[in-house]
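Since the structure is predicted, the reported quantities are computational estimates derived from the model, not experimental observations. Labels below follow one simple rule: chain letters A, B, ... track the order of the sequence lines, proteins then strands, and each chain is numbered from 1.
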Protein chains: 2
Amino acid sequence: MGSALIDPLTRKLESFGSLSTVEQAALRRTEGTRVPIERHHDIVSAGDQPRSVNVLLEGFACTYTLLPEGKRQITFFHLPGDVLDLPSLFIPVMDYSLCSLAHSQLLRIPHEAMLALFHEHPRITHLFWRETLIYAAIFREWMVGIGRRPAFASVAHLFCELIVRMQAIGLAVDHQVDLPLTQADIGDALGLSSVHVNRTLQELRGAGLIKMTRSRLRAIDWHGLCDAGEFDDSYLHQQQMG
Amino acid sequence: MGSALIDPLTRKLESFGSLSTVEQAALRRTEGTRVPIERHHDIVSAGDQPRSVNVLLEGFACTYTLLPEGKRQITFFHLPGDVLDLPSLFIPVMDYSLCSLAHSQLLRIPHEAMLALFHEHPRITHLFWRETLIYAAIFREWMVGIGRRPAFASVAHLFCELIVRMQAIGLAVDHQVDLPLTQADIGDALGLSSVHVNRTLQELRGAGLIKMTRSRLRAIDWHGLCDAGEFDDSYLHQQQMG
DNA sequence: CGGGAGGTTGAAATCACTCAATTAGAGTGG
DNA sequence: CCACTCTAATTGAGTGATTTCAACCTCCCG
């Protein structure tokens, strides 16, 4: 059943480590329910105690936290192949919320199935742990950007990260990606107001670094964009580059 | 040899999950070399490819990243019991640097010994993984603070986090802790200038929330401090509270 | 041809930064 | 025990980045 469905997960895991045929087969055999989800719907909310884990098969999602005054901080953008709520396997209560940013497809896998997979395949366990550690590296890089980089560099860096991550799973060609992000989303990720994001995007366009329509981002000058964002992809620890 | 030394690690692991006597014994049996380290010395640097892992036995350390222009972003404060460079087990090249903030004691454990421990004790593996996930939750909370909270709340939140984490390992009594942080360190962690940190600390003192000497922090009004920082300790997922 | 979400613009206000000088403290050597 | 020194804390003034508020525009979709 999961057969073709779980492919994005396999592809993602293989973007930073290799799997044996046996392990690939075990992943494919893992049971799960396909769940479609509309744009801008919560997938899991802070405080929930999930009994299953959600794999993003298609679409786009984000992790976020809401502050008392109503401000929002997005703490991660999830791409196809990501396990959205892996922490729920080891930490019963969710401390963050998840929201779809585009019409998406999820694969819902029961905790038991996931834990059985880990039990039987230690290398898969290590790959998932490795993924957790790479996410932590991405978090650190976001902290650097939010804390110490001015808006221009910060936005450039985010775009570089997303393009490289999309490329690693085959969803970007030629530094060009579908990005269903509003300027408010970008601002909430980088700690900026949407007005300031708007002006910063104009600067990036003016500098000839990017072209951007409603839902498509293209890096016209990839090296220039990397420079502007002080971007060095080594922290993403990709096995291969696109 | 590691016998008495590894205790802080055991205590830390038990602060968010329980260990059997067998598992505790296995941890105690793990070989390692004790290494003292001066204040303000790098323990590991970005780009290194360590063959061993460092446990902080005593003292205080931080993870940081240096930007081209010389700015620094601290991305984590490590307390006794923390494994400082666990990622090096699964990710060969370090993407961050580590620095001691006080005279400290390390326990250096070879990668093989660590991996053997994981191989033989799956529950220890899961506890360490759980620790990694809790760190990720702390990272998210830092992003929220850096990105969306004004300085006053941001500093208050950081102090709350450190006091609770110190309490969990028995190093804080009565909301009072030894904190060998300069105002520049605090600023580099929160994305603020040291001048602004100075003024913010004066406000916190003026509001009757804290008392602070060079290396000692005391929350005079714990609830007030939590309010000011919008602090809710659930994201730290502590097993027990001190 | 509305309606609504998201993008764009301008002006005023604010938070935080930089620069530069001064003070306080802790440790050291004589 | 006192000068000396270095690091860290403090202060003031001027600047700059980013926010807020509020209005207006534009595009997409039904």
Discussion item. Nearest to the A:A151 side chain among D:dG12, C:dT8, D:dT18, which nucleotide is it?
Written reply: D:dT18
Worksheet, complete the sentence: Between CG of B:L217 and P of D:dA9 the distance, given in whole Å, is 13 Å
Worksheet entry | Length of the line joining B:I186:CD1 and C:dC17:C1', which is rounded to integer Å | 18 Å
Item to complete: Could you check if a side-chain atom of B:F77 sits within less than 4.5 angstrom of a side-chain atom of B:W142, using non-hydrogen atoms only?
Response: yes
Worksheet item: Quick one: A:L101 CG to C:dA5 P, roughly how many Å, whole number?
Response: 17 Å
Item to complete: Looking only at side-chain atoms of A:P150, point me to the closest of C:dA16, D:dT18, D:dT20.
Response: D:dT18
Worksheet entry | Spacing of A:K211 atom NZ relative to C:dG7 atom P, expressed in whole Å | 19 Å
Worksheet item: If you draw a 6.0 Å radius around CZ in B:R205, do more than 12 non-hydrogen atoms from other residues or ligands fall strictly inside?
Response: yes
Worksheet entry | Under 3.5 Å donor-acceptor pair, A:R199 side-chain atoms to C:dG7 base atoms | no
Discussion item. What is the separation between atom CZ on A:R149 and atom P on D:dA17, rounded to the nearest whole Å?
Written reply: 18 Å
Response to the item:
Of D:dT11, C:dG7, D:dT10, the nucleotide closest to the side chain of A:N198 is C:dG7
Discussion item. Strictly below 4.0 Å: does B:Q202 bring a side-chain N or O up to OP1 or OP2 of D:dT11?
Written reply: yes
Response to the item:
Residue pair A:S194/A:R148 against DNA chain C: nearer the 5' end by closest nucleotide is A:S194
Worksheet item: Out of A:L181, A:L179, A:T182, which one pairs with A:L101 under the side-chain contact (heavy atoms from CB on, under 4.5 Å) rule?
Response: A:L181
Fill in: Per A:V195 side chain, nearest of listed nucleotides D:dA22, C:dG6, D:dT11
D:dA22
Practice prompt. Take atom CD of B:E203 and atom C1' of D:dT10, then tell me their distance rounded to the nearest Å.
Written response: 15 Å
Item to complete: Look at the side-chain N and O atoms of A:Q183 and state whether any lies under 4.0 Å from the OP1 or OP2 oxygen of C:dA5.
Response: no
Worksheet item: Which of the following nucleotides, D:dA8, C:dG6, C:dT9, is nearest to the side chain of A:R39?
Response: C:dG6
Practice prompt. Classify the angle between the aromatic ring planes of B:H175 and B:W222 as parallel (below 30°), tilted (30 to 60°) or perpendicular (above 60°).
Written response: parallel
Worksheet item: When you match B:T182 and A:L192 each to their closest nucleotide on DNA chain D, which lands nearer the 5' end?
Response: B:T182
Discussion item. Distance check needed: D:dT10 P versus B:L201 CG, whole Å only.
Written reply: 7 Å
Item to complete: Please report, rounded to the nearest Å, how far the C1' atom of D:dT18 is from the CG atom of A:L190.
Response: 13 Å
Worksheet item: Given C:dG6, D:dT20, D:dA8, which nucleotide is nearest the side-chain atoms of B:H40?
Response: D:dA8
Fill in: Atom NZ of A:K71: over 12 foreign heavy atoms under 6.0 Å
yes
Worksheet item: A:G191 near the nucleic acid: base, sugar-phosphate alone, or nothing, with a heavy-atom cut-off under 4.0 Å?
Response: sugar-phosphate
Fill in: Phosphate contact (C:dT8 OP1 or OP2) by A:R205 side-chain N/O below 4.0 Å
yes
Worksheet item: Rounded to the nearest 0.5 Å, how far apart are CD of B:E161 and CD1 of B:I138?
Response: 5.0 Å
Fill in: Residue closer to the 5' end of DNA chain D, A:R214 versus A:H196 (nearest nucleotide)
A:H196
